[in-house]
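Encoded as structure tokens, the structure appears first; notes follow it.
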2 protein chains.
Amino acid sequence: MREFDQLFKALNIVEENLKEELLNVGVLQTVSANSLIVEKHKYIKWLALVIHGKVRVWQENQDRQILLYYVNPIQTCVLSLAAIFKDCKSLINAKTMEETTIIKIPVRHAAEWSFTYKSWNSFTTKSFIHSYEDLLYSYKDLAFNTVNKRLLNYIQSSSRQNNSPYIKLSHSQLAKEIGTTREVVSKTLKQLEHSGIVNLSFKQIELL
Amino acid sequence: MREFDQLFKALNIVEENLKEELLNVGVLQTVSANSLIVEKHKYIKWLALVIHGKVRVWQENQDRQILLYYVNPIQTCVLSLAAIFKDCKSLINAKTMEETTIIKIPVRHAAEWSFTYKSWNSFTTKSFIHSYEDLLYSYKDLAFNTVNKRLLNYIQSSSRQNNSPYIKLSHSQLAKEIGTTREVVSKTLKQLEHSGIVNLSFKQIELL
DNA sequence: TTAAACCTGTACCTTTTGTTACAACTATAA
DNA sequence: TTATAGTTGTAACAAAAGGTACAGGTTTAA
């Protein structure tokens with residue numbers, strides 16, 4: 001299975017026993033775009049590891065949303081990880097952004113392995129730490145920066161990550177990334193355009 | 001050593017080898033009130049476990065602050081934990097609120113043990129999860145609630161935790177808990193008082 | 001080609017939050 | 001007792017963010 005080999009390589013899994021266990025209990029699955037794969041308040045039964053594709057993880061409140069993070073290939077949703085160990089309900093939502101290939105692992109195994117296999121332990125620990133620090137950064141951003149600054153931060157980091165000056169999102173999508181409303185994003189983007197920082201066009205922002 | 005026994009009990013440490021290692025490398029220390037024990041941008045060399053006392057952990061930006069959490073006895077600062085595994089600089093600040101007894105453990109041991117000892121693995125994992133979920137809650141609160149609501153949330157949870165209707169903090173201290181300014185807290189508290197939700201007196205808020 | 005759905009811009013207004021400036025109050029230690 | 005350091009209250013204003021309403025643009029698919 002090519003996908004499992006990719007997984008082993010990405011997570012630096014060298015233990016033959018762990019490879020075998022993963023092949024035994026892991027379920028390879030392709031999920032179409034825009035599928036809710038983790039839902040708030042529901043129990044998590046599987047740990048999903050993304051092989052190809054992209055998953056968006058967010059929190060919501062009525063009609064507003066705020067992004068937590070994206071899960072890119074060979075990462076995992078740390079919220080799933082948390083739920084494994086606590087056997088509790090999800091605090092977040094996760095949806096595929098495009099057709100996504102995942103390997104699903106029943107939660108109880110994922111918990112056991114963190115003690116049995118060094119590479120798995122290292123993977124779960126790193127996932128937690130990375131997610132925690134990421135959230136810490138977002139928290140500070142939200143606490144001390146204005147929408148203007150947060151929007152610019154988002155655009156800059158998005159541009160950096162995609163290695164492109166073009167951000168292909170509508171204003172309402174952007175609003176749901178940074179936790180505000182569409183109108184505020186439209187106004188703020190116009191300000192940024194007048195300041196010569198971005199160029200605006202239909203469903204696209206160019207970072208100058 | 002009474003303090004070490006308390007630690008073993010609180011963390012459900014049963015492995016004799018781990019107990020021995022902790023006794024060997026752990027350093028028992030009493031820190032006076034208002035000491036900075038973790039400083040932003042500095043390397044973390046010790047993992048501190050609080051036995052008695054209380055430690056405040058926060059983020060800051062110029063003259064503003066926002067609380068992350070308090071470390072109460074037999075918990076640990078998860079930020080220290082994170083730094084252990086990454087050998088990196090602290091993203092936060094931590095200060096003792098009162099005279100505090102801690103057991104300090106050199107970071108490299110804390111990392112090794114998470115694979116060697118089941119109870120240690122369980123402790124570190126639970127610490128991460130708890131901290132992550134806590135931060136997730138705070139993030140959502142900050143993203144979607146007004147100062148009024150966040151202040152009330154803070155007062156209510158503080159009252160619940162201390163099992164007392166009295167919150168003994170000045171307005172400027174409260175401002176540094178919820179990430180705003182003193183004037184805003186004063187005004188908001190007055191609103192809450194007029195609504196019959198609290199009684200205000202010098203350095204004290206009574207939750208009705 | 002046309003309807004429907006979604007996107008963008010913006011005027012106007014409200015609410016929330018932050019800032020400045022001052023006056024008065026309280027606790028504490030010399 | 002009295003200075004002093006910190007606390008509280010608040011008016012007046014400014015800036016940031018949110019809400020309403022509507023006009024007009026773009027895309028897509030029937």
Side-chain angles (χ1 to χ4, degrees), chain A residues 33-34 60-67 97 138-155 166-195 197-207, chain B residues 33-34 60-67 97 138-155 166-195 197-207:
Chain A
N34 298 311
E60 63 185 20
N61 188 274
Q62 277 137 232
D63 54 339
R64 302 256 292 266
Q65 298 189 353
I66 193 162
L67 174 73
M97 301 301 290
S138 302
Y139 190 55
K140 192 173 173 180
D141 192 38
L142 188 56
F144 302 124
N145 292 331
T146 61
V147 166
N148 190 295
K149 178 76 176 129
R150 286 192 286 126
L151 189 56
L152 187 54
N153 282 350
Y154 181 90
I155 288 170
Y166 301 102
I167 288 86
K168 292 183 185 299
L169 290 175
S170 72
H171 298 183
S172 77
Q173 287 174 309
L174 264 174
K176 289 179 176 186
E177 300 290 89
I178 66 167
T180 183
T181 61
R182 197 275 305 174
E183 293 83 348
V184 170
V185 168
S186 292
K187 280 185 278 189
T188 308
L189 281 174
K190 262 292 164 243
Q191 284 175 33
L192 292 177
E193 190 175 46
H194 288 145
S195 311
I197 298 171
V198 297
N199 267 343
L200 304 180
S201 49
F202 193 75
K203 282 185 139 189
Q204 178 180 287
I205 294 143
E206 182 189 2
L207 180 60
Chain B
N34 298 311
E60 62 186 22
N61 188 274
Q62 279 138 230
D63 54 340
R64 301 255 292 266
Q65 298 189 353
I66 194 162
L67 175 72
M97 301 300 290
S138 301
Y139 190 55
K140 192 174 174 179
D141 192 38
L142 188 57
F144 302 124
N145 292 330
T146 61
V147 166
N148 190 296
K149 180 75 176 128
R150 286 191 288 127
L151 189 56
L152 187 54
N153 282 350
Y154 181 90
I155 289 169
Y166 301 102
I167 289 86
K168 292 183 184 299
L169 290 175
S170 71
H171 298 184
S172 77
Q173 287 174 308
L174 265 174
K176 288 178 176 185
E177 300 290 88
I178 65 167
T180 182
T181 62
R182 195 275 307 173
E183 294 83 348
V184 170
V185 168
S186 291
K187 280 185 281 189
T188 308
L189 281 174
K190 262 290 165 248
Q191 285 176 31
L192 291 176
E193 189 176 45
H194 288 144
S195 309
I197 298 172
V198 297
N199 266 343
L200 303 180
S201 49
F202 193 75
K203 282 186 140 188
Q204 179 179 287
I205 294 144
E206 182 190 1
L207 180 60

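Because the structure is a prediction, the values reported are computed rather than measured. Below, chain A is the first sequence line, B the second, and so on; all start at residue 1.
A side chain to side chain contact (heavy atoms under 4.5 Å, CB included) with N148(B) is found for exactly one of T188(B), V184(B), N153(B), namely T188(B).
For L169(B) and dT8(D), the CG to P distance is 10 Å, given to the nearest whole Å. In this structure, Q204(B) atom CD and dT26(C) atom P are separated by 14 Å, rounded to whole Å. Rounded to a whole Å, the CD atom of Q173(B) is 7 Å from the P atom of dT7(D). Put simply, CG on L174(B) is 15 Å from P on dT17(C), counting in whole angstrom units. Atom-to-atom, CG of L192(B) to P of dT8(D) comes out at 15 Å; the value is rounded to the nearest Å. The interatomic distance linking K203(A) (NZ) with dC6(C) (C1') rounds to 7 Å, in whole Å. Counting to the nearest Å, the C1' atom of dT17(C) and the CG atom of N145(A) are 15 Å from each other. One interatomic measurement links the two molecules: NZ of K168(B) to C1' of dT7(D), which rounds to 15 Å at whole-angstrom precision.
The side chain of K190(B) has dT10(D) as its nearest neighbour among dT16(C), dT10(C), dT10(D). Nearest to the side-chain atoms of T146(B) among the listed nucleotides dC7(C), dG9(C), dT17(C) stands dT17(C).
Within the 3.5 Å criterion, the main-chain N or O of L200(A) finds a donor-acceptor partner in the side chain of E193(A). In this structure a side-chain-to-backbone donor-acceptor pair under 3.5 Å is present from R150(B) to I178(B). Side chain of E206(A) to main chain of V198(A): no donor-acceptor pair is present (N/O by atom type, distance under 3.5 Å, no hydrogens or angles). A donor-acceptor pair is defined here as one N or O able to donate and one able to accept, closer than 3.5 Å; no such pair exists between the side chain of Q204(A) and the backbone of S201(A).
For S186(B), the side chain to side chain donor-acceptor pair (under 3.5 Å) partners at least two apart in sequence or on another chain are H171(B), R182(B).
If you check every strand for non-hydrogen atoms under 4.0 Å, T188(A) touches nothing.
For the pair S170(B) and dT7(D), the criterion of a side-chain N or O lying under 4.0 Å from OP1 or OP2 is met. Residue T180(B) places no side-chain N or O under 4.0 Å from the OP1 or OP2 atom of dT17(C).
Between atom CD1 of residue I205(B) and atom OH of residue Y166(B) there is a gap of 12.5 Å, rounded to the nearest 0.5 Å.
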Considering only nitrogen or oxygen atoms on both sides, find all protein atoms under 3.5 Å from nucleotides 19-21 of chain D and state each distance.
unit_1, atom_1, unit_2, atom_2, d
dG19(D), O6, K187(A), NZ, 2.9

